[in-house]
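Values below: all heavy atoms of this structure, side chains included; hydrogens, waters and symmetry mates excluded.
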There are 2 protein chains.
Amino acid sequence: MVTIKDVAREAGVSVATVSRVLNGSGPVSAQTGERIREVAGRLRYVPHGGARSLITRKTHTLGVLLPDLYGEFFSEVIRGMDDTAQRQGFHLLISRAHADKHGIETAMRAMRGRVDGVVAMSPDLDAESLLNVPSMLPVVVLCSAPRGDSADCLTIDNYAGSKAMVGHLISLGHKRIAIITGAARNYDAAERMRGYRSALRQAAIAADGALAVQGGFTESGGYAAALQLLAVTPRPTAIFAANDSMAIGALSALRESGVRVPEDMAIAGFDDIPLARYMDPPLSTVRVPTYELGARAVEILLHGIRNQNHHARHRERVSTELVVRRSCGAVPGRSPQR
Amino acid sequence: MVTIKDVAREAGVSVATVSRVLNGSGPVSAQTGERIREVAGRLRYVPHGGARSLITRKTHTLGVLLPDLYGEFFSEVIRGMDDTAQRQGFHLLISRAHADKHGIETAMRAMRGRVDGVVAMSPDLDAESLLNVPSMLPVVVLCSAPRGDSADCLTIDNYAGSKAMVGHLISLGHKRIAIITGAARNYDAAERMRGYRSALRQAAIAADGALAVQGGFTESGGYAAALQLLAVTPRPTAIFAANDSMAIGALSALRESGVRVPEDMAIAGFDDIPLARYMDPPLSTVRVPTYELGARAVEILLHGIRNQNHHARHRERVSTELVVRRSCGAVPGRSPQR
DNA sequence: CTGGCGAATGTAATCGTTTACACAAGGGCC
DNA sequence: GGCCCTTGTGTAAACGATTACATTCGCCAG
C-alpha cells in the first residue's frame, strides 16, 4: 500500500507538504502542488482513513445499533440515515446487537474509536442499560422508552396513531375490536397497545382479554393470531394489527377461512409499508414516516457531535397519520372482487 | 476519554504491561494482572479501535457497497452478511454509492484504512470500473457481470430461474407470455430477460416486442406495466414479472381491471419475498436465497482476507428454485375468493 | 562463584497521518 | 542595512495502541 511517505519521496518533498496540498491547508507554491498531485495520482495514493482519524479525532462515521435487521421497516430507516449521513460526509457502521445488556455493551465497546456518535435502536423495554454505558459519545436513542438524560431520544407517536385508528374503527360502529400485538416487552408494541386501550376506554367499551393476541410483528404471527381470533365467541368485528406485516398475514388467514374483508371483518395495520396499498382490499393503516425517522435521528446525532455533546438533550416524537383505505370498510370504493 | 496510559499510570505499570494483560499476550504475574484488570474496570477503559487497527493492520470491519437500499431484498442480504460477519468477529461498514464510476471510486477511497475487505454490489451493467480500482483489498463483487479476475464474484442464477418459470408457464399451455422487466442496464434484469427469451425460443414461440414492458423493479412500475399489457392485442394470457414487487403491483392492477387471476391471466414473480405467499392468490415465484447470498459473500470475502488476497479467484453462482403457488394456475387449490 | 535461563517488566519504535513550530528566502519600508 | 511580514517548506511531536528488544531479578546447574 502506498503511503504519504511514498508520495513525498517520489515528489522530492516532505510529508507535510503533501498533506498540505491534498487537504488544501497551508500555502504551497502552485508548481509544487501540481507536481504532488501528479505523483499522488500516478501512484494511486489513497489516504489511510484510520490513521487520519486517529490524529484528527474525527472518524466521519456514525455507529448504528439495531436490534434486528428485518423487513422493510429497517431497510427504510437505514435508507433515511444513510442519505442524511452521506449528505454531510458521514458513513454508517451498522451493527446488530442482541437487545440485552451484554450485547449492547459489547457493541458499544467495538465502536469506540471507530465512530463519532451512535444511533441506538433498542425497543426492548428492559434494556435501559444502554444509558448506563458512560461513553463521551453522543448517542441518539431510537424507539425506546425515554429515560435518563444522557442521550437524545427520538420516538414514534405510537400512542396517538394507535388511538386514532381504533377511534376510527369505533366511529364506524365496531364494538368488538381485537388487537394483534407486537413482540413482548417491545416499547412500540406496548405504546400501540396503550393507544388501543385508551380509545376503547374513551368509548366506554370494556376490554376483553380474549381479544388481544400476540403476533410478534411477523406475517406468520399475524396469520396464526387471526385464526385464533376467529374462534373467539362472540367473534370480533374488527382486527387492529400492530403492524402491516401481521395485518397482511391476518388478511390471508381470513381469506382462507372465507371471511370477507371488510364486510364480515374490518382490518387495519400500522406502518403503511409500500405494499399496503396493493393488498386486496387495500390496507387501512397508520402511516409512520420511516425514512424521516432515520433521517431525523442522524440529524439530531450530527447536531450532538458538532456541539461535542454539550447541548440540551432533545426529546422528539415523530407523528403518525391515519391512512384510510378499503380494508376497514370506511371507503366504499369498488365492490370487492367477485 | 481514558486511554491505556491512564490505566498504566493508575496501576503503576507501563503501557506494555497493560496491553499484555488485556490481550492475554506475554507473561504477567497474577497479582499485577489482577490489579490492572481492576483499574481498567474502575476507569471504564475501552480500547480505541482505530488506534489498535493502525498498528495491527486489521480493522475487523468489512465494507459493503450497495447501489441502493431498498425493500426487503437488501434488508435480507444485509442480514445474511451481518450474521456471518459477526460470528467471525467482524463488523459491517455500509455505504450506498451511486452506481457510476465516480460514486464507486469515492466510496472505495473512503473505505481505505477502515476495512479489511469489501463486498460490492454493482448490478449496473456499465459499471465495470469497479474492477479497475486497484486496491490491494480483497473484493467480492455481488450480482454483477463477472469480468476481470481481480475480484471474487458471486451471482444469482437468474437465467436458469427465469427459464424454469417461463418454461413452467409454457407447460401450462400459455403461448402469449408477457414479461415485466427490471431496471434498464441492470445485470439481474438482463439475465432474467435472457432466460425468458431462451425458454420461448426453446418452445418455438416467436418473441413479441409488445409483450416486454419495463417496470423498474417497483410496485408502481409493475402496476403501470400491467395496465399497459392489458391493452395489447391479442392480450397475453400470462405475465412474468422480473421481481415480486412488480408482480404484486401487477396483481393489484389486474384486480382493479376485473381480470381474474389465474383464470383470465396467470402471474408469476421472482425473489419469493416473505409476503409472496400471503398474496391473493398466493404468488408463484422463483425463490432466491437472499439471506444465503449475503452470508456466502461474506464467507468468500473472509477467505480472501485470510489468504491476503493471494487465492485463486472464486466465481460462484447461487441457484434458485421454482415455487409454484396459485397465481399461475398450476395448483387448483381453493377456488378463488367469491 | 559464575554463567545462563526464564519470568516479569519497561523502553522505545512503529503504524500513517496532521499540524505546531522552526526556518529560510524574498520583499517592502524605514 | 536592519526589521518585519509573507510565503514556502521541513522537522518532529502528537494520536492510542502493539510489540521487538532490552533490562532486571531470582534461581539453579556446573
Just the endpoints, please: which first and last nucleotides of DNA chain D, 5' to 3', lie under 4.0 Å from a heavy atom of chain A?
-> dG8(D) to dG16(D)
Hey, are the side chains of Arg114(A) and Thr59(A) touching, using non-hydrogen atoms and a 4.5 Å cut-off?
-> no
Between Arg35(A) and Glu38(A), is there a salt bridge with N-O shorter than 4.0 Å?
-> no
N/O-N/O pairs, protein side and nucleotides 17-21 of chain C side, under 3.5 Å:
| from | atom 1 | to | atom 2 | distance (Å) |
| --- | --- | --- | --- | --- |
| dT17(C) | OP1 | Tyr45(A) | OH | 3.1 |
| dT17(C) | OP1 | His48(A) | N | 3.0 |
| dT17(C) | OP2 | Ile4(A) | N | 2.7 |
| dT17(C) | O5' | Tyr45(A) | OH | 3.1 |
| dT18(C) | OP1 | Asn23(A) | ND2 | 3.0 |
| dT18(C) | OP1 | Arg52(A) | NE | 3.0 |
| dT18(C) | OP1 | Arg52(A) | NH2 | 3.1 |
| dT18(C) | OP2 | Ser19(A) | OG | 2.7 |
| dT18(C) | OP2 | Asn23(A) | ND2 | 3.4 |

Would you mind telling me which of Leu142(B), Val141(B), Leu154(B) makes a side chain to side chain contact (heavy atoms under 4.5 Å, CB included) with Met121(B)?
-> Leu142(B)
Taking the side chain as C-beta and beyond, is there a heavy-atom pair between Ile4(A) and Tyr45(A) under 4.5 Å?
-> yes
With a 4.0 Å cut-off, would you call Arg79(B) and Asp82(B) a salt bridge?
-> no
With Asp152(B), the side chain to side chain contact (heavy atoms under 4.5 Å, CB included) member among His303(B), His311(B), Glu316(B) = His311(B)
Assess whether ring pair (Phe, Tyr, Trp, His ring centres under 6.0 Å) is satisfied between His91(B) and His60(B), documenting all intermediate values.
-> CA-CA 6 Å; His91(B) 287 255; His60(B) 284 274; 9.0 Å; no
Between Gly33(B) and Leu54(B), name the one whose nearest nucleotide on DNA chain C is closer to the 5' end.
-> Gly33(B)
Taking the nucleotide of DNA chain C with the closest heavy atom to each, which residue, Arg57(B) or Ala30(B), is nearer the 5' end?
-> Ala30(B)
Between Arg109(B) and Glu105(B), is the closest basic N to carboxylate O distance under 4.0 Å?
-> no
